[in-house]
Amino acid sequence: MESQSYQNHRKYYPPHHFIYLPLLILLEAFGIWKIFNDKPNKLIWILFSVVIFLLFYLAIMIRQHYALGLQNRLVRLEFKQRYFEIFGQRSDEVESKLGFDQIAALRFSYDEEFKELLYKALHEKISGNEIKKSIKNWRADHHRI
């Protein structure tokens, strides 16, 4: 498996991202084009376009909603566990001062950098993206969905 870094840490599901969604986009574009070019059947093409749009919207929202909600909970639990392992105390107070983007970004750092980046996140308010860019030794996550 390729070594993970900031440049390649995003994950795609090819059937969804590169087949189903592009197909829906093409069908939507075709339906809109037909609305203006098939006047006798304009109402049918409007209905077709609305249905395709709803399928597209639902495909994105349902998949994202459940997967991201669960993944976000796991990331927070992982942060709590890691914080406890490193510092020997609960993370509730620290966690409440961090945004989710910061918590998620910290998981890509090893323990030594974690401490330093956590300090910067708390005191310098650096964003999750800035945390990711600051990581020198990337800790890969090959289990993301």
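Everything numeric here is computed off the predicted structure, so don't read it as measured data.
To the nearest 0.5 angstrom, Glu85 atom CD is 11.5 Å from Ser91 atom OG. Expressed to the nearest 0.5 Å, how far CG of Asn37 lies from NZ of Lys42 amounts to 11.0 Å. Atom NE2 of His16 and atom CD of Gln64 lie 6.5 Å apart (nearest 0.5 Å). Going from atom CD1 of Ile46 over to atom CD1 of Ile32 covers 10.5 Å, rounded to the nearest 0.5 Å. The structure places CD1 of Ile103 at 9.5 Å from CD1 of Ile131, a figure rounded to the nearest 0.5 Å. To the nearest 0.5 angstrom, Leu21 atom CG is 11.0 Å from Leu55 atom CG.
The shortest side-chain heavy-atom distance between Phe79 and Glu95 falls under the 4.5 Å cut-off. Between Gln102 and Leu118, every side-chain heavy-atom pair lies at or beyond the 4.5 Å cut-off. Using a 4.5 Å heavy-atom cutoff, the side chains of Lys34 and Asn41 are not in contact.
With hydrophobic clusters built from ILVMFWY side chains whose heavy atoms lie under 4.5 angstrom apart, Ile25 shares a cluster with Trp33. The cluster map of Ile, Leu, Val, Met, Phe, Trp and Tyr, joined by side-chain heavy atoms under 4.5 Å apart, puts Leu27 and Ile60 in the same cluster. Under the 4.5 Å side-chain heavy-atom criterion for ILVMFWY residues, no single connected hydrophobic cluster contains both Ile52 and Ile44. Under the 4.5 Å side-chain heavy-atom criterion for ILVMFWY residues, no single connected hydrophobic cluster contains both Tyr20 and Phe18. A continuous path of Ile, Leu, Val, Met, Phe, Trp and Tyr side chains, each step under 4.5 Å between heavy atoms, connects Ile35 with Val51, placing both in one hydrophobic cluster.
When all heavy atoms are compared, the tightest approach of Ser49 to Gly31 is OG-C, 3.2 Å. Glu130 and Ser127 get closest at one heavy-atom pair: OE1-N, 3.0 Å. Across His9 and Phe108, no two heavy atoms sit closer than the pair CD2-CZ, 3.9 Å. Annotation for Ser134 and Leu117: closest pair CB-CD2, 3.7 Å, computed over non-hydrogen atoms. Closest of all the heavy-atom pairs between Gln4 and Asp141 is OE1-N, 2.6 Å. Between Asn8 and Ser3, the shortest heavy-atom contact is ND2-O, 3.0 Å.
Every residue meeting the ring-ring contact (aromatic ring centres under 6.0 Å, His included) condition with Phe87, not counting sequence neighbours, appears here in chain and number order: Tyr83. Under the ring-ring contact (aromatic ring centres under 6.0 Å, His included) criterion, Phe100 pairs with no residue at all, not counting sequence neighbours.
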Start with the C-alpha distance between Glu113 and Leu106, add both sets of side-chain angles, then the distance that settles side-chain contact (heavy atoms from CB on, under 4.5 Å), and finish with yes or no. CA-CA 9 Å; Glu113 278 188 293; Leu106 285 166; over 6 Å; no
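Other residues, nucleotides and ligands contribute over 12 non-hydrogen atoms within 6.0 Å of the OH atom of Tyr6. Arg139 CZ: more than 12 foreign heavy atoms inside a 6.0 Å radius. Counting non-hydrogen atoms of neighbouring residues, nucleotides and ligands closer than 6.0 angstrom, the OH atom of Tyr57 reaches no more than 12 such neighbours. Other residues, nucleotides and ligands contribute over 12 non-hydrogen atoms within 6.0 Å of the CZ atom of Phe48. Other residues, nucleotides and ligands contribute over 12 non-hydrogen atoms within 6.0 Å of the CD atom of Glu124.
Judged by distance alone, with hydrogens and angles left aside, the side-chain atoms of Glu28 form a donor-acceptor pair with the main-chain N or O of Phe53 at under 3.5 Å. Under the 3.5 Å distance criterion, the side-chain polar atoms of His123 are matched with a main-chain donor or acceptor of Tyr119.
Classified by interplanar angle (parallel below 30°, tilted 30° to 60°, perpendicular above 60°), the ring pair Tyr12/His17 is perpendicular. Using the six-membered ring where Trp is involved, Phe30 and Trp45 have ring planes that are perpendicular, over 60° apart on the 30 and 60° scheme.
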